Amino acid sequence: MKNIPLKLAILASGSGSNLQVLIDKQLNNELNIDIACVICNKENAYALTRAKSANINTFIIDKDDTGKPYKRVEFEQRALDILRQLQPDLVVLAGFMKILTPLFIGGVNNDLNIPMINLHPSILPAYKGLDTHARVLKSGERLHGCSVHLVTEELDAGQILTQSVLIVKPNDTPTTLQERVHALEHTLLPRTIDFIIKGVIDLDDVKQIYQFFSHK
Ligand code: GAR
């Protein structure tokens with residue numbers, strides 16, 4: 001039987017270090033994926049450079065021909081058109097920093113019937129939204145980490161699939177925490193996708209959250 005790679009569409013906005021991990025795993029045959037495209041809402045995002053270097057189809061939906069930034073609805077309609085054309089098996093939000101509306105989320109999940117996952121830098125359901133590392137430190141939390149969850153219309157609130165947890169150190173700063181969480185993400189995201197590929201996680205019937213603990 002032929003082992004068909006899982007076709008991914010990745011949405012990214014920034015540095016794209018998580019995208020890079022997926023690119024490397026695909027190139028090294030460590031993950032049975034085919035990154036069909038990277039869609040980006042920032043024309044100068046380093047994620048685009050990474051994707052282009054790997055000869056991945058890139059789509060920049062930032063400004064129109066006159067230099068006017070696309071409205072949210074325009075971004076979403078264009079992104080939906082791309083996904084409709086490419087028909088990926090899974091949409092991955094890997095550092096995608098634009099809030100998505102029900103138009104896009106419903107379009108992907110219901111009309112196109114494609115599951116969508118998001119990587120978030122906190123142990124959800126705690127610390128949804130932005131600036132998670134600073135907020136975690138300010139609250140004096142002992143634990144922090146990252147989650148991969150299904151995307152639903154409510155922000156960062158869909159079914160959690162996997163999480164990695166670390167212990168906050170007394171001398172941690174938002175920057176050191178961000179670096180340490182990033183390192184966890186670089187293992188968690190490919191591992192989650194591998195679980196989906198291998199059927200350990202059934203996205204239509206999620207039975208448990210897989211949690212990993214880091215002592216580093
Ligand atoms: C990651 O830490 C990811 O969890 C976060 O953006 C970073 C992207 O890093 N995502 C969010 O905050 C989404 N709300 P990367 O561009 O180096 O992959």
Side-chain angles (χ1 to χ4, degrees), residues 8-26 31 33 35 37-54 56 58-62 72 75-76 79 90-101 104-105 108 116-137 141 143-166 168 172-193 209 211-212 214 216:
L8 304 184
I10 299 182
L11 273 69
S13 304
S15 140
S17 68
N18 285 284
L19 165 68
Q20 188 67 56
V21 171
L22 296 180
I23 291 172
D24 293 345
K25 297 246 176 225
Q26 177 180 333
L31 197 56
I33 55 171
I35 305 175
C37 73
V38 170
I39 300 175
C40 188
N41 63 319
K42 295 271 170 217
E43 63 187 8
N44 54 0
Y46 192 61
L48 285 168
T49 307
R50 297 182 191 269
K52 283 179 192 156
S53 312
I56 294 168
T58 55
F59 297 92
I60 307 164
I61 315 176
D62 188 350
R72 196 181 300 274
F75 171 88
E76 295 192 342
L90 182 68
V91 175
V92 181
L93 307 184
F96 187 69
M97 303 307 288
K98 201 177 178 74
I99 291 184
L100 293 163
T101 75
F104 183 79
I105 296 167
V108 175
M116 177 158 47
I117 60 173
N118 178 44
L119 174 64
H120 181 78
S122 79
I123 312 171
L124 290 170
Y127 301 97
K128 296 171 182 164
L130 295 175
D131 298 325
T132 56
H133 312 299
R135 285 157 58 211
V136 159
L137 280 178
E141 298 286 356
L143 299 176
H144 186 34
C146 48
S147 309
V148 178
H149 66 94
L150 281 169
V151 177
T152 54
E153 290 182 8
E154 199 184 330
L155 182 72
D156 298 330
Q159 170 68 52
I160 300 162
L161 306 173
T162 56
Q163 298 184 309
S164 277
V165 177
L166 54 70
V168 178
D172 262 323
T173 64
T175 307
T176 62
L177 260 192
Q178 182 185 33
E179 283 165 3
R180 296 175 64 219
V181 169
H182 241 135
L184 294 188
E185 291 180 339
H186 294 163
T187 305
L188 188 70
L189 183 60
R191 184 179 265 179
T192 306
I193 294 172
I209 300 170
Q211 283 189 324
F212 307 96
S214 168
K216 282 190 198 154

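Counting convention: from 1, in listed order, for ligands and their atoms alike. Small disclaimer: the values here were computed from a predicted structure and weren't measured. FYI, side chains are in, hydrogens and waters are out, and symmetry mates aren't considered; it's all heavy atoms of this structure.
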**Student:** Give me the nearest non-hydrogen protein atom to atom 6 (O) of ligand 1 as residue plus atom name, then the distance to 0.1 Å.
**Tutor:** Gly95 CA, 3.6 Å
**Student:** To the nearest 0.1 Å, how far is atom 17 (O) of ligand 1 from its closest protein heavy atom, and which atom is that?
**Tutor:** Ser17 OG, 2.5 Å
**Student:** Once you restrict to heavy atoms under 4.0 Å, what part of Gln178 touches ligand 1? Side chain, backbone, both or neither.
**Tutor:** neither
**Student:** Taking 4.0 angstrom as the limit and counting only heavy atoms of Pro121, give me the atoms of ligand 1 inside it, by number and element.
**Tutor:** 4 (O), 5 (C), 10 (N), 11 (C), 12 (O)
**Student:** Which protein heavy atom lies closest to atom 9 (O) of ligand 1, and at what distance to 0.1 Å?
**Tutor:** His182 NE2, 3.0 Å
**Student:** Ignoring angles and geometry beyond distance, decide whether Gly16 reaches within less than 3.5 Å of ligand 1 through its nitrogen or oxygen atoms.
**Tutor:** yes
**Student:** May I ask you to check whether Asp156 has an N/O atom sitting below 3.5 Å from an N/O atom of ligand 1?
**Tutor:** no
**Student:** Which atoms form the tightest heavy-atom contact between Glu76 and Ile99, and what is the distance?
**Tutor:** OE2-O, 4.1 Å
**Student:** Given Phe104 and Phe96, is the ring pair (Phe, Tyr, Trp, His ring centres under 6.0 Å) satisfied, shown in steps?
**Tutor:** CA-CA 14 Å; Phe104 183 79; Phe96 187 69; 7.7 Å; no
**Student:** Which atoms form the tightest heavy-atom contact between Cys146 and Leu184, and what is the distance?
**Tutor:** SG-CB, 3.8 Å
**Student:** For Thr175, enumerate each residue passing the side chain to side chain contact (heavy atoms under 4.5 Å, CB included) test, keeping only those at least two apart in sequence or located in another chain.
**Tutor:** Thr173, Glu179
**Student:** Counting both backbone and side chain atoms, is some N or O of Glu185 under 3.5 Å from an N or O of ligand 1?
**Tutor:** yes
**Student:** Which residue holds the protein heavy atom closest to atom 10 (N) of ligand 1, what is that atom called, and what is the gap in Å?
**Tutor:** Leu119 O, 3.6 Å
**Student:** Kindly write out the residues that satisfy side chain to side chain contact (heavy atoms under 4.5 Å, CB included) with Leu124, not counting sequence neighbours, or none if the list is empty.
**Tutor:** His120, Ser122, Lys128, Ser147, His149, Asp156, Ile160, Gln163
